[in-house]
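Single-structure report; data block below.
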Protein chains: 2
Amino acid sequence: MITIKEVARHAGVSISTVSYVLSGKRSISEETKRRVEQSIAALGYHPNAGARALASNRSRVLGLVVPLRSDQNVPVVMQFVSSIVTSARDHDHDVLLLTKEAGPGEAHRVTAGSMADAIIVMDVESADPRVPELRTVDAPVVLLGVPDDHEGLSCVDLDFAAAGRRMVSHLADLGHRSIALIGSPPAVYERGTSYAARLLAGFQQETARRNMPVSVHSCAPGYDSVSACLDTVLHQDRGITGLVVHNEAVLGQLLLELRRRSLDVPRDLSVIALCPDDVAQSLPVPLTSISVPARELGAIAVQMVVTRITQDHAPEVRLLQPRLTERGSTAAR
Amino acid sequence: MITIKEVARHAGVSISTVSYVLSGKRSISEETKRRVEQSIAALGYHPNAGARALASNRSRVLGLVVPLRSDQNVPVVMQFVSSIVTSARDHDHDVLLLTKEAGPGEAHRVTAGSMADAIIVMDVESADPRVPELRTVDAPVVLLGVPDDHEGLSCVDLDFAAAGRRMVSHLADLGHRSIALIGSPPAVYERGTSYAARLLAGFQQETARRNMPVSVHSCAPGYDSVSACLDTVLHQDRGITGLVVHNEAVLGQLLLELRRRSLDVPRDLSVIALCPDDVAQSLPVPLTSISVPARELGAIAVQMVVTRITQDHAPEVRLLQPRLTERGSTAAR
DNA sequence: GCAACGAATCGAAGCGCTTCGATCGTGATT
DNA sequence: AATCACGATCGAAGCGCTTCGATTCGTTGC
């Protein structure tokens, strides 16, 4: 193993000088810096992470709590993870994988043992049982998702309420007067997933403000359940001309089912969804949608948490404003 | 921060005694052990990972190279990751996330810097460009997937050739004489994904052995492409009575399309697939299938790599034998 | 009764790094 | 000419742990 000592000898300087070249915390002459860097390259030196962590009291590692249940939303989870790892590397940090299943205490274990300098928690729910414990973690914590009681914790998320309002406005501005929300599967609401509830709230708020009749439906995935749900929507409320869909898993089946009923999108029915852009694009009918900006959210979470490792910062909730992309699945009426 | 020193004082013993209680590397009297353990619990002591790594020259971390492109197979990737993290924890290790995209050199960086003691690489392809570099990594490496040239490297995978043969036998034993393989999207073959090629080889080998006519089709995902593919299969080769499908993404659409054409499974056509069990179960027609045993593969990979951290072991290729589960989508003819 | 032994424990020497003075020129300021 | 400030560098003191002798003491064997 090549150590800093050998680099120092090779470059003809002291150990501390090499360290300062690496960290840039003191000024070093150009000449010396060059020599040291050459030695580092020549010897193929990699600083020992353990020694560095021990001496500096910083591991340069972020703990990431990932939901590893095989959920509907796996691709989105992946996007988050990917963006977090990339951003972390940009900030010169690595990412340690913690599973939600492994239970709480994990966040505590890795921070208390200085394996990680901070924690990012994905997929946080309204009444997330992990929240109380996370408050006691003695390291910066950032949540992806906003629990009901987020006192003292930093959170990042899409503004789902705004997204709900925005989708209603979009349809209303096109002249639709009667619209329905096809929401997430019942299980999602029961789990108390905060984003589902917040979107619903935004949806109801905006429809109320505009005096529009509403109908809201929870829809489980599966070929038959979608069809049944559509029956209810279309028969229970005649005159529905617009569909707001917050349920990725069901989009494909929904569109096929509409086609089967000879209902044209957007001629007979306008459809707008909240889903990842690539999903919206690759459906049989490309959908006008609001996307979950996973990459941005991940990058922000990393940036927030890394900032808080070195500097004190008040807890903060950041809600990204929704962005709507038109793809022709909604039309004026 | 609570250190071993404080635990030692609290328990009235020396630092080394505490260390030996923790590691069990020397005998300690029951009485002392108990006192130390009580002190650890009372103080909430967590050993400092950096110090431990520095002194013992082992980080107790596994580097995991994950493909983070948003692929078809994301749920399977998740299953692997989940099982690897769980198994790693069972072996008292943590998992550091490395992305395939971040390029090679990452495996080298983390092992050279003693951030990780070993590397597991997921989603290895036939002519994987990372393989040569991985050979030079000075730490145990285990690949999930078998590259063409795996000289000197340990690999774990499903025996896809056996799976191909097995699916053919299953249909043949039921009396089917003319069957077709609906394979992965062209992109997968072009990428040289080794498992696709190996399954195809097994399929061809067994059909040849049994003198069965074969027809092989690559099928891209997408509602129209599936339909077109089915046209080719059913018209080009009349008399096809069995379908072997190695293409998760397409299964749902395929079954719907068959239903649309009033072809009953298994009455008119037997279908057998290679896909995760939960997919096979939740399709409109539950499919007889061979599953990718992600959990087992992950656990084996971890076990292999952890073993090799402390002991020398020759490189080894382990191929798991396929297991077939009947779900009634194949029938005698 | 004494050497020999093993179990239980301790002290101290690192592991490779960061960081805090301290030192030494050199040029600018008085 | 004496002083000061500053840039560049070095030496040494840890960071918290593991591990290798060394030490102590109660047993055992002869």
Side-chain angles (χ1 to χ4, degrees), chain A residues 1-37 39-40 43-61 92 109-117 309-310, chain B residues 1-37 39-40 43-61 92 109-117 309-310:
Chain A
M1 180 187 226
I2 306 290
T3 70
I4 197 173
K5 197 168 161 184
E6 303 171 47
V7 174
R9 187 153 28 126
H10 188 272
V13 297
S14 73
I15 288 178
S16 48
T17 299
V18 176
S19 177
Y20 286 124
V21 168
L22 251 25
S23 70
K25 292 193 177 172
R26 282 200 185 172
S27 52
I28 297 286
S29 67
E30 274 311 314
E31 156 66 5
T32 305
K33 185 181 294 184
R34 208 179 34 70
R35 276 221 318 289
V36 169
E37 278 160 358
S39 299
I40 288 177
L43 299 177
Y45 167 67
H46 290 262
N48 180 299
R52 177 172 272 193
L54 180 58
S56 66
N57 208 24
R58 311 254 273 88
S59 64
R60 311 204 73 84
V61 167
D92 199 20
R109 177 178 66 86
V110 297
T111 52
S114 295
M115 297 208 74
D117 297 332
I309 292 173
T310 45
Chain B
M1 180 190 228
I2 307 289
T3 69
I4 198 173
K5 197 168 162 183
E6 303 171 47
V7 175
R9 186 153 29 124
H10 188 273
V13 297
S14 74
I15 288 178
S16 47
T17 300
V18 177
S19 177
Y20 287 124
V21 168
L22 252 25
S23 69
K25 292 194 177 171
R26 283 200 185 173
S27 53
I28 297 285
S29 68
E30 274 311 314
E31 155 66 6
T32 304
K33 186 181 292 185
R34 208 182 32 71
R35 277 221 318 289
V36 169
E37 276 160 358
S39 298
I40 288 176
L43 300 176
Y45 167 69
H46 290 262
N48 180 300
R52 177 171 270 193
L54 180 57
S56 66
N57 207 24
R58 311 253 271 93
S59 63
R60 312 205 70 87
V61 168
D92 198 21
R109 176 178 68 85
V110 298
T111 50
S114 296
M115 297 208 74
D117 296 333
I309 291 173
T310 45

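Order of the sequence lines sets the chain letters (A, B, ...), proteins ahead of strands, with each chain counted from 1. In this text, all values refer to a predicted model and were calculated from it rather than measured experimentally.
Partners of S114(B) according to the side chain to side chain donor-acceptor pair (under 3.5 Å) rule, which considers only residues two or more places apart in sequence or in another chain, do not exist here. Every residue meeting the salt bridge (charged side-chain N to carboxylate O under 4.0 Å, His left out) condition with R109(A), not counting sequence neighbours, appears here in chain and number order: E106(A), D94(B). By the ring pair (Phe, Tyr, Trp, His ring centres under 6.0 Å) test, H10(B) is found to be paired with no residue, residues two or more places apart in sequence or in another chain being considered. Annotation: side chain to side chain contact (heavy atoms under 4.5 Å, CB included) contacts of I15(B) (sequence neighbours excluded): I4(B), K5(B), A8(B). Looking at residues two or more places apart in sequence or on another chain, you find no salt bridge (charged side-chain N to carboxylate O under 4.0 Å, His left out) involving R26(B). A11(B) meets the side chain to side chain contact (heavy atoms under 4.5 Å, CB included) test with V13(B), V36(B), S39(B); sequence neighbours excluded. Applying the side chain to side chain contact (heavy atoms under 4.5 Å, CB included) rule to E30(B) yields the partners K33(B); only residues at least two apart in sequence or on another chain are considered. Residues forming a side chain to side chain contact (heavy atoms under 4.5 Å, CB included) with A49(A) (at least two apart in sequence, or on another chain): M115(B). By the salt bridge (charged side-chain N to carboxylate O under 4.0 Å, His left out) test, R9(A) pairs with no residue at all, sequence neighbours left out.
Recorded end-axis angle for the helix from dG1(C)-dC30(D) to dT30(C)-dA1(D) stands at 40°, based on five pairs per end and rounded to 10 degrees.
Within residues 22-31 of chain B, the residues having any heavy atom under 4.0 Å from DNA chain D are, by residue number, K25(B), R26(B).
Of the two residues near DNA chain C, M1(A) and T17(A), the one whose nearest nucleotide lies more 5' is M1(A).
Using a 4.0 Å heavy-atom distance criterion, T32(A) is classed as a sugar-phosphate-only contact.
Of all nucleotides in DNA chain D, those with any atom nearer than 4.0 Å to a heavy atom of chain B start and finish, going 5' to 3', at dG16(D) to dA22(D).
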